[in-house]
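Notes follow once the structure below has been shown.
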Amino acid sequence: MARDLSALPPYQRIAAQIIARIESGELQPGDHVPSVSQIMETEGVSRATAARVPGVLRAEGYATATPGVGTIVTKPKKLTAGADRLAKLQAGGATIGDNERVEILDAVREAASQEVADALGLEVGAEVARRRRRYLDSTGVVTVSTTWVSGAVADQAPEFLEAAPLPKMTFGLIEERTGRRVARRRDTVALREVPEDVADALEVEAGTPTVAVINHYWDQNGEPTEYAVDYLGAGRELSSEYDLD
């Protein structure tokens, strides 16, 4: 459904139209965005209004100002974290973006570390199942995402340990196989050093600081169902936008 732009201030409406041209591929990264003079001529607005448009594009990540060159088109490196994929799934939408693809890096059983054990309510060394994926888009690595569940959950949902995509993600699989529905989650954003076992997939050096999104999930009875850590790829930004009306 096309977005209704009529209620927006003129400079935001014009910026939204340019963003639509970028998203459609009409304007490509490296192209110049319409100049202030061009916007004035084509949109019939004042210089003051036209001059605000490039700032909106830059703030939204769709343009960058290059000295001696001008304002050129870029494409924002968007991130969809695990918690956001859950919201999309619950809303009946696709959990993978139009330009994204996913690689299953491994799916194994292992002994729980202190961090994983605490998150899943287990003892250190208890058997857990780990599933690691890498999400990529046209600009590179979006995130390397690792999810842990208890060994008991993996026994009930053996697909978790298969090297194949899960159509309903881990949360959907757990609910389908066990009846345990995700009822609560906590998201934590932290600056972490990339561990050695993630660095190659993230295409950075081990120890490189990056943003990590840590997700805890609990079922309708308050019991933990899964624990996940997403390490963001280089140059990625995590942002949220809310309607306050």
Side-chain angles (χ1 to χ4, degrees), residues 1-85 87-89 91-103 133-145 165 189 201-204 208 210-211 213 230-245:
M1 180 183 295
R3 180 185 176 190
D4 182 8
L5 306 178
S6 60
L8 294 176
Y11 75 96
Q12 291 186 6
R13 172 180 55 77
I14 296 166
Q17 291 170 343
I18 294 173
I19 288 172
R21 293 171 63 191
I22 296 171
E23 291 286 3
S24 71
E26 179 184 345
L27 290 175
Q28 293 288 321
D31 291 347
H32 282 81
V33 302
S35 68
V36 171
S37 296
Q38 289 172 328
I39 293 171
M40 291 171 60
E41 180 179 350
T42 59
E43 299 293 336
V45 295
S46 67
R47 177 170 291 277
T49 295
R52 300 183 71 178
V53 174
V56 175
L57 299 176
R58 290 192 293 268
E60 295 286 345
Y62 284 94
T64 185
T66 303
V69 177
T71 302
I72 61 172
V73 172
T74 58
K75 285 294 287 291
K77 294 183 174 182
K78 299 178 180 178
L79 170 72
T80 304
D84 298 314
R85 297 182 195 280
K88 287 185 175 183
L89 177 67
T95 57
I96 303 296
D98 291 340
N99 296 317
E100 277 190 337
R101 66 184 189 280
V102 59
E103 297 175 348
R133 293 87 63 210
R134 180 166 78 158
Y135 294 90
L136 305 102
D137 64 14
S138 58
T139 61
V141 180
V142 178
T143 183
V144 173
S145 180
V189 179
L202 203 61
E203 299 180 1
V204 300
T208 300
T210 192
V211 175
V213 183
D230 291 0
Y231 286 95
L232 277 63
R236 298 285 168 174
E237 295 180 345
L238 183 67
S239 64
S240 299
E241 183 172 329
Y242 306 94
D243 291 327
L244 300 180
D245 294 338

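The structure displayed is predicted, hence computed values, not measured ones.
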Quick check: does any side chain N or O of [X] sit under 3.5 Å from a backbone N or O of [Y], one acting as donor and the other as acceptor?
X    : Y    : answer
T143 : Y135 : no
T74  : A63  : yes
R236 : Y231 : no
R134 : A201 : yes

How close do [X] and [Y] get, heavy atom to heavy atom, and via which atoms?
X    : Y    : answer
I39  : A50  : CG2-CB, 3.7 Å
H32  : V69  : NE2-O, 3.0 Å
V141 : E203 : CG2-CD, 3.8 Å

Close side-chain approach of P34 and I18, heavy atoms under 4.5 Å | yes
Compare all side-chain heavy atoms of S37 with those of R47 and state whether any distance is below 4.5 angstrom.
-> yes
How long is the span from the CZ atom in R133 to the CG atom in D230, to the nearest 0.5 Å?
-> 7.0 Å
Please round to the nearest 0.5 Å and tell me the distance separating atom CD1 of I22 and atom CG of D31.
-> 9.0 Å
Among all residues two or more places apart in sequence or in another chain, which pass the side-chain contact (heavy atoms from CB on, under 4.5 Å) test with A15?
-> V53, V56, L57
More than 12 heavy atoms of other groups within 6.0 Å of E41 CD | no
